[in-house]
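A short write-up of the structure that comes next.
This chain uses plain numbering: 1 for the first residue, then up along the sequence. Whatever order the structure lists them in is the order used to number ligands and atoms, beginning at 1.
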Amino acid sequence: MSEASNSSQPLRVVVGVSGGIAAYKACHLVREFKERGDDVRVIPTENALNFVGAATFEALSGNPVDTGVFSRVDEVQHVRLGQEADLVVVAPATADFLARVAAGRADDLLTSTILVATCPVVLAPAMHTEMWRNPATQANVATLRKRGITVLEPAHGRLTGKDTGPGRLPEPQVIAELARTVLRTGAFLPTLAGTRVVISAGGTRESIDPVRFIGNHSSGKQGFALGDVAAQRGASVTIVAGATDELEAPSGAEIVRVRTTRDMQREMMERAPEADVVVMAAAVADFRPAAESDTKLKKGKSDDALATLRLTENPDILKSLVEMREDGASRAVIIGFAAETDHELENGRAKLARKGADMLMLNSVAGGGVFGQARNRGWLLSADGGVEEIPDGTKHEVAVRIWDAVERLLK
Ligand code: CTP
């Protein structure tokens, strides 16, 4: 691994842009890298400049922009840019562009840079669904993946016209995070193709009255990161999401929004029979008010309902998923999470045994870490007694480690 892959050092990033309408999103991608201090060199194709002008890319990146192999020949830049890059990301990658890279063409600055590059290369396709599904495109994608190039799964959703389907460019924030994950953990391959995954994420909320609720600090980041990585490994992903920060939903995932613990339980139980893997990454509210008031509760009333809020215990979703499997209604591998402040391993083991899950991702939240943070660390405990330490990393890197372990279990 190169030094760049191990640290949060600034990277030398080539952002390639090919000629599709989503080229405008490349501007935001450039900013995603620039904001963390990376040195960004934008290389558009000639066609990309029909959508966004070179001046925009020069201003955003602070570097010159060329398209052909005959510019700045004295600097041999058609070779140098690829040699020096830590990471090459192309967004959008059109069907034609994928075909040209798969064929090993080097007739413009971007394709020659990719042919030279020995660093990770990540292509983010964007095109109409028919073009994406066309066997010619799929054959090119397979060829590229076989060569170690990461071809991201496109997002589902509204395309340029009125049509919807797979083919959208994932949001720039997601592309940047996935590309950095590839740099640190290796190319994404479709190792979860054909696997159905259901993940709960975020925090549930229980209303006290029309303006107040019981909730928690969960941001949903780890659950969404698990969804991102599973989708990139080819799984079909459903996320049952409670309250989350303003996160970009994993591209390609179905999102079901819920509010309370009982809503989340219903949606998880409904999907568990069809799932191969269920992950309870959500921070579930263990209690709810015994009665929800239709009107705003007032302070200082004789019953003082606010000061002496009565609570009722919520169902344990993880436990009910395990029971469902014991009853034969589901065969899913079941992964739980635990956040502990002290005696982590001891508490984690006891929790895993009590809940009956196959694996538990144990986070240490001593000192308030993890919640809402970009990074995570802890231990992955298995029902057979195994303990794998998960070193400090981004929530996407942690997701990679978790899916590696789940894939071993599925085998
Ligand atoms: N969980 C659940 N339903 C609940 C509470 C928790 O499904 N009512 C799940 C969480 O999503 C997580 C795991 O159980 O995967 C452990 O959650 P945690 O809050 O650590 O455990 P609790 O059972 O609530 O135990 P405690 O709060 O006493 O530590």
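- Contacts of K355 with ligand 1, taken as heavy-atom pairs under 4.0 Å, involve the side chain alone.
- In this structure, atom 19 (O) of ligand 1 has its sub-4.0 angstrom surroundings free of protein heavy atoms.
- Within 6.0 Å of atom CZ in R31, 12 or fewer heavy atoms from other residues, nucleotides or ligands are found, so the atom counts as exposed in its surroundings.
- Distance check, rounded to the nearest 0.5 Å: OG of S364 to CZ of R377 gives 5.0 Å.
- Heavy-atom proximity to G336, at under 4.0 Å, picks out these atoms of ligand 1: 15 (O).
- Side-chain atoms of S382 and R408 form no donor-acceptor pair, as typed in the model, at a separation below 3.5 Å.
- Counting heavy atoms under 4.0 Å from ligand 1, residue N314 does not touch it at all.
- In this model, a donor atom of one side chain and an acceptor atom of the other lie less than 3.5 Å apart for N314 and R288.
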Item to check | Steps toward side-chain hydrogen bond (donor to acceptor under 3.5 Å, both in side chains) verdict (D263, T260) | outcome: CA-CA 5 Å; D263 292 343; T260 68; 3.2 Å; yes
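- Every atom of ligand 1 with a heavy atom of A282 under 4.0 Å away is listed here by number and element: 10 (C), 11 (O).
- In this structure, L152 and Q232 have side chains that are in contact, with non-hydrogen atoms separated by less than 4.5 Å.
- In terms of N/O distances under 3.5 Å, ligand 1 is not approached by V284.
- The closest heavy-atom contact to atom 3 (N) of ligand 1, among the options I317, T204, V279, comes from I317.
- At distances below 3.5 Å, not a single donor-acceptor pair connects side-chain atoms of W132 with backbone N or O atoms of P154.
- Which parts of ligand 1 touch D316 is read off a 4.0 Å heavy-atom cut-off, strictly below it: atoms 2 (C), 3 (N), 4 (C), 7 (O), 8 (N).
- Those atoms of ligand 1 with a heavy atom of P315 less than 4.0 angstrom away are 3 (N), 4 (C), 8 (N).
- Backbone and side-chain nitrogen or oxygen atoms of T261 are examined, and none is located within less than 3.5 angstrom of a nitrogen or oxygen of ligand 1.
- Among all protein heavy atoms, the one lying closest to atom 21 (O) of ligand 1 is K351 NZ, 3.1 Å.
- Applying the 4.0 Å criterion to heavy atoms of M280 picks out, from ligand 1, the atoms 7 (O), 11 (O), 12 (C), 15 (O).
- With sequence neighbours left out, the side-chain hydrogen bond (donor to acceptor under 3.5 Å, both in side chains) criterion links R349 to no other residue.
- Among all protein heavy atoms, the one lying closest to atom 7 (O) of ligand 1 is L318 N, 2.7 Å.
- Looking from atom 17 (O) of ligand 1 to the surrounding protein, the closest heavy atom is F337 O, 3.6 Å.
- Those atoms of ligand 1 with a heavy atom of D286 less than 4.0 angstrom away are 4 (C), 5 (C), 8 (N), 24 (O), 27 (O).
- Listed by atom number, the atoms of ligand 1 under 4.0 Å from A338 heavy atoms are 20 (O).
- Looking at N63 and E58, their side chains never bring a donor and an acceptor atom within 3.5 Å of each other.
- I335 has its side chain within reach of V406: a pair of non-hydrogen atoms, C-beta onward, lies under 4.5 Å apart.
- A donor-acceptor pair under 3.5 Å is absent between the side-chain atoms of D38 and the main chain of V40, judged by distance alone.
- For atom 1 (N) of ligand 1, a protein heavy-atom neighbour is present inside the 4.0 Å cut-off.
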